[in-house]
Structures are given as structure tokens and as C-alpha cells.
Amino acid sequence: MSTAARSLFSFEDTFVRELEGLYLPWEAAEAPDPRILALNAPLARELGIDPDALAGPDGVRVLVGAVTEADGTTTVAQGYAGHQFGGYSPRLGDGRALLVGELIGPDGRRRDLHLKGSGRTPFARGGDGKAAVGPMLREHVVSEAMHALGIPTTRSLAIVATGEDVARETMLPGAVLARIAASHLRVGTFQYAARLKDASIVPRLADYAIARHHPAAADAERPYLAFYEAVVEAQAALVARWMHVGFVHGVMNTDNVTISGETIDYGPCAFMDAHDPATVFSSIDEAGRYAYGNQPHITQWNLARLAEPLLPLFADQQDAAVEAATAVLNTFPARYEAHLARGYHEKLGLTGEPEDGTLGPDLLDLMHLQRADHTGAFRALAAVLRGDDAPVRALLPGDEARDAWLARWRAQLEAQGRDAAETADAMDRVNPLYIPRNHLVEEALAAATAGDLDPFERLLEVVQQPFVDRPGLERYAAPAPEEFGGGYRTFCGT
Ligand code: AMP
Ligand code: MG
């Protein structure tokens, strides 16, 4: 190995230098036989890294955490706390993950390179610190799909098989995910910081988060309150985007809520097929806390948890601080509703500001009643505008309510006076045809775990271009077979 060579990466380490106390220096476990399973070449280029070099020995070495002095960085496990399913854990942290360093791309953006599955850390509690190939490839394909849908998300730079088996219900091949994120600051990072003896850590963390993610807050009259408001706004926008595409995150614990407003932690997540607010996929979410329809409510709950460690920064008097925080938090429902309505307005081909705000919700009610496929229904509406009623009739069968809704919708479209074909095309640009449907993801991961990466690569390619209809891909656009519907379960922490 060319240890003398200059590193492929030029890491920076502002988090480590500025926020001592929020991490522990730690080294990755050795990967006995690292082999790349997936490499995100466009993302590598975005970061200013040559994909071919990244696939070479010096790239792979860093992708499994074996950094050397030449790389100019030290790996750390980050500390954070979290409310998990409502119960508070004061010390979670990176149990199986490491921050490698920060990268500044040619676009000037600072982003974290972070590893998941790189071995036990002091935060591991009972865990083995490892990750299996299947769940890591799942994060790769689902986060790439989210990115292609235009939804803020962390991204996967690479998945590297370690050459080591990990013990789950059976022995499974192990892997490390290399994740790129605007940062890994979470609501849980603030919760963790508030418990540390050093009273300067919360304001320093807040200043760091402002500079890195919400710089406009620095110029506000009350910067910390403006920062809080910026996070509330980012999360309101994010959860609305999830709702538009039928995404169920599955584990919205406060340690999985970013300060940047990116989607993070693709564990038990899944896209819903039949529209139903009660949809839950996670095997451990028995009460439906993180059900599709509950996501906005839970986001607001999580944002209330963010206010708690920030209170001393809002005002000297506790009462005044609580009052100020509450006033900001109470803006969440209106912000969320505005994002939601604007998105559905667009999905229905409507232009201008949403006026009749009932069209979207009424359609969703119909879809729920008929268990219509969430993704398919919006594409079916565009087909109506092209003169083909068959798909919408199949999805929303024999019903006066459907025809009444269609008539109202068409009346609004006509009133805005845009050409029908043009409207249909605009709808197709925001309503995906291809999402990582659960049965396709499972099929791809099972094959990959058994050594065949073809179905995974194919699926990845399909969902990376979600809006463009391509012949031969009908099976990727079709809803799950009935037996896959109601009982589908995902498992986290694997
Ligand atoms: P998650 O459900 O992925 O958000 O993880 C919750 C917490 O469990 C985090 O502190 C993780 O680092 C930790 N964790 C999950 N799986 C493992 C594992 N296999 N080994 C050690 N820690 C883990
Ligand atoms: Mg997590």
C-alpha cells in the first residue's frame, strides 16, 4: 500500500476542534477482505473525488475507516442522546459508526464522511458494532431514491463488504456504509450536550450549528431563537415532502432528526403502496407511533424536545424562554400545512397559490377508502388529462365520489387555462412513477446477500430516474402483489 502517497481526501475537522466533549476518538475495526459492492460515482464527483481512485486501494482503505497519518484526520464516535419511542436514553451515540472527517466539495459545501458498521465503540452498549450487507444496501438504494425525488437526505457514497460474517438471526455478510451528510448534528446532540458538566457546550454547539446550517440566524435580533425557528421550518418542509411521496421513516427518534433538515437513518423505512394514514412497517412500532399519518405530529413533538436544551439561550428567565419557544413551536402546524398544500397543489397540476385547499385532502380520503396505490394514483390523474380514464377507474373503482372529485379538479384546471397535455407533463415531473417498492427492495437485497448484485443495480438505476417513463420497466411501476401489502414488516438495527 502506498502509505507515503498523498491522501485522496483533504479532510477538515471543525467538529473535532470546536466541540470537544461531544465525541470520543476511536478507531474502526479491521475489515479482513474489503470489497466494493456499490460506489456512488456522481456523488464522488460532487465531492471532488475521482471515482476510479476511490475504488482503488487508498479509497477503499478510507471507506472502511483505516485512516493513516497521510489522510490527516482522526476518526471519532459522536455522542448523542435520544428519545426512542418516547422514552429517554441519555447516552446513545455512535455505537457502530464513526465520523471520518469533513469534505469541502468544488461547490464549497462542507459535508461529513461518516461510516456505519465500522465496529464497536464506547457507545455500543450491547451491540456488536457491525452491519449486514442487506440493510446497508437498503440505505443506499432508498436514500438515492429520495435524492432523485428531490427530498433533502443524507447520501451513500459507497457500500464495502468487509469480508467478515456478522451474527444476526443467521450469519450474514458484513458491510460498511460510507455516508455523506450536511452534518450529523441531531436533536439528540443538543440533548446530550445539555447533560454535560461544561456549561459552555450548548451555546458552542448552537453557534456551530448556526454557522454550518442556518447562517442567516446569526444576523437575527435573537439568533438562538431564529436558529430554532430555522430548524422548525426545515423539518416542517421535510416531513411534508415525505408525505407527498408516501414515505414512512419508521424510527423518528430524536437521535434521527437532523438539524440540517436532511432525512437520516434509513432503518425500517419504506414507501407505502395503498394509501392509508395508519401504515406502519417497523416490526418494533407496535403502537403505530411512527405511522405515516402520525409523522407531522411526531416531528412537532421532536422539535419540542429540541427547545428544551436551548431554553437557557432563549432568555434569562425560564418563563420567558418557554414562552418564546412555544410561540415558535406553535408555528409548526401552519408551516407544515402550507408546505403540504403547496406540494399537493403541484402534484394535481395546479398553478398559482393553493386556494381551494380541499381538493388534495378529499382525493387522499378517496384513495384511503379505496386503498388506492399512493404513487400510481397521481400518475393515473395525468393519464386522465391525456384522455385515458382506465388507470384512474382501476385505482378508484366504480364510485360517484370519484367522478364528482374528477369534475371539481377538471373545473379548477380549466379555470387556470393551461393546455391539458402541458399540465399532464408538469404533473409527471413531480409525481414519481418509480419508487423503491418494498417487494422490489426485498427481492434485490435477498439476491445481493446471496452474492448476486444484478437486481440491486437494476433497481438503483430505475429509482435514480423516478419521473421518466421508460419502456420495459412496467414491473417497477406496479404496486406490490396483494400478499405483500398489509403484513409487510421491516426490521431496524440490523
Ligand atoms: P438507530 O436505531 O440506528 O438509530 O440506532 C440507535 C442506537 O443504537 C445508536 O446509538 C446506534 O449506534 C446503536 N446501534 C444500533 N445497532 C448497533 C450495533 N449493531 N452495534 C452497536 N450499536 C448499535
Ligand atoms: Mg440512528
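The first residue of the sequence shown is numbered 1, and numbering continues consecutively from there. Both ligands and their constituent atoms are indexed starting at 1 by order of listing. Predicted, not measured: the structure shown is a model, and the values here were computed from it.
Ring-plane geometry between His83 and Tyr88 is classed as tilted, the angle between the planes lying from 30 to 60 degrees on a 0 to 90 degree scale. Between Phe85 and Tyr290, the ring-plane angle classifies as tilted under the 30° and 60° cut-offs. Aromatic ring orientation, His275 versus His374: parallel (interplanar angle below 30°, classes split at 30° and 60°). Ring pair His249/Phe247 is perpendicular by interplanar angle, where above 60° counts as perpendicular and below 30° as parallel.
Within the 4.0 Å heavy-atom shell around ligand 1 one finds Arg125. A heavy-atom separation below 4.0 Å is found between Ala124 and ligand 1.
Between Lys116 and ligand 1, a contact under 3.5 Å exists for no N or O pair. The distance criterion of under 3.5 Å between nitrogen or oxygen atoms is not met by Gln84 with respect to ligand 1.
With ligand atoms numbered from 1 in the order given, ligand 1 contributes 4 (O) to contacts under 4.0 Å with heavy atoms of Asn256. Within the listing of ligand 1, atoms 18 (C), 19 (N), 20 (N), 21 (C) sit less than 4.0 angstrom from a heavy atom of Gly129. For ligand 1 and Asp255, the ligand atoms under 4.0 Å from any heavy atom of the residue are 4 (O).
Residue Asp265 touches ligand 1 through its side chain alone, judged by heavy-atom distances below 4.0 Å. Residue contacts with ligand 1, taken as heavy atom pairs separated by less than 4.0 Å, do not involve Asn253 at all. Contacts with ligand 1 closer than 4.0 Å are made by no heavy atom of Val251, backbone or side chain. Residue-level proximity to ligand 1 for Phe123 is absent, since no heavy atom of it falls below 4.0 angstrom.
The two residues Val166 and Pro173 have their closest heavy-atom pair at CG2-O, 4.4 Å.
Side-chain atoms of His114 and Asp94, non-hydrogen and from C-beta on, do get closer than 4.5 Å to each other.
For the 3.5 Å distance criterion, the side chains of Tyr266 and Thr153 qualify, holding a donor opposite an acceptor. In the model, His147 has no side-chain atom that pairs as donor or acceptor with a side-chain atom of Glu262 under 3.5 Å. For the residue pair Ser156 and Glu139, no side-chain donor N or O sits within less than 3.5 Å of a side-chain acceptor on the partner. Counting only N and O atoms by type, the side chains of Asp198 and Ser200 include a donor and acceptor under 3.5 Å apart.
Relative to atom 11 (C) of ligand 1, the option among Ala97, Gly127, Gly93, Gly117 with the closest non-hydrogen atom is Gly93.
Protein N/O/S atoms found under 2.8 Å from the Mg ion (ligand 2), listed by chain and residue number: Asn256 OD1, Asp265 OD2.
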With a 3.5 Å cut-off and sequence neighbours excluded, list the donor-acceptor pairs that the side chains of residues 447-464 form with protein atoms.
| unit_1 | atom_1 | unit_2 | atom_2 | d |
| --- | --- | --- | --- | --- |
| Thr449 | OG1 | Leu445 | O | 2.8 |
| Asp452 | OD1 | Asp454 | N | 3.0 |
| Gln464 | NE2 | Glu144 | OE1 | 3.3 |

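You'll find the ring centres of Tyr192 and Tyr80 outside the 6.0 Å limit.
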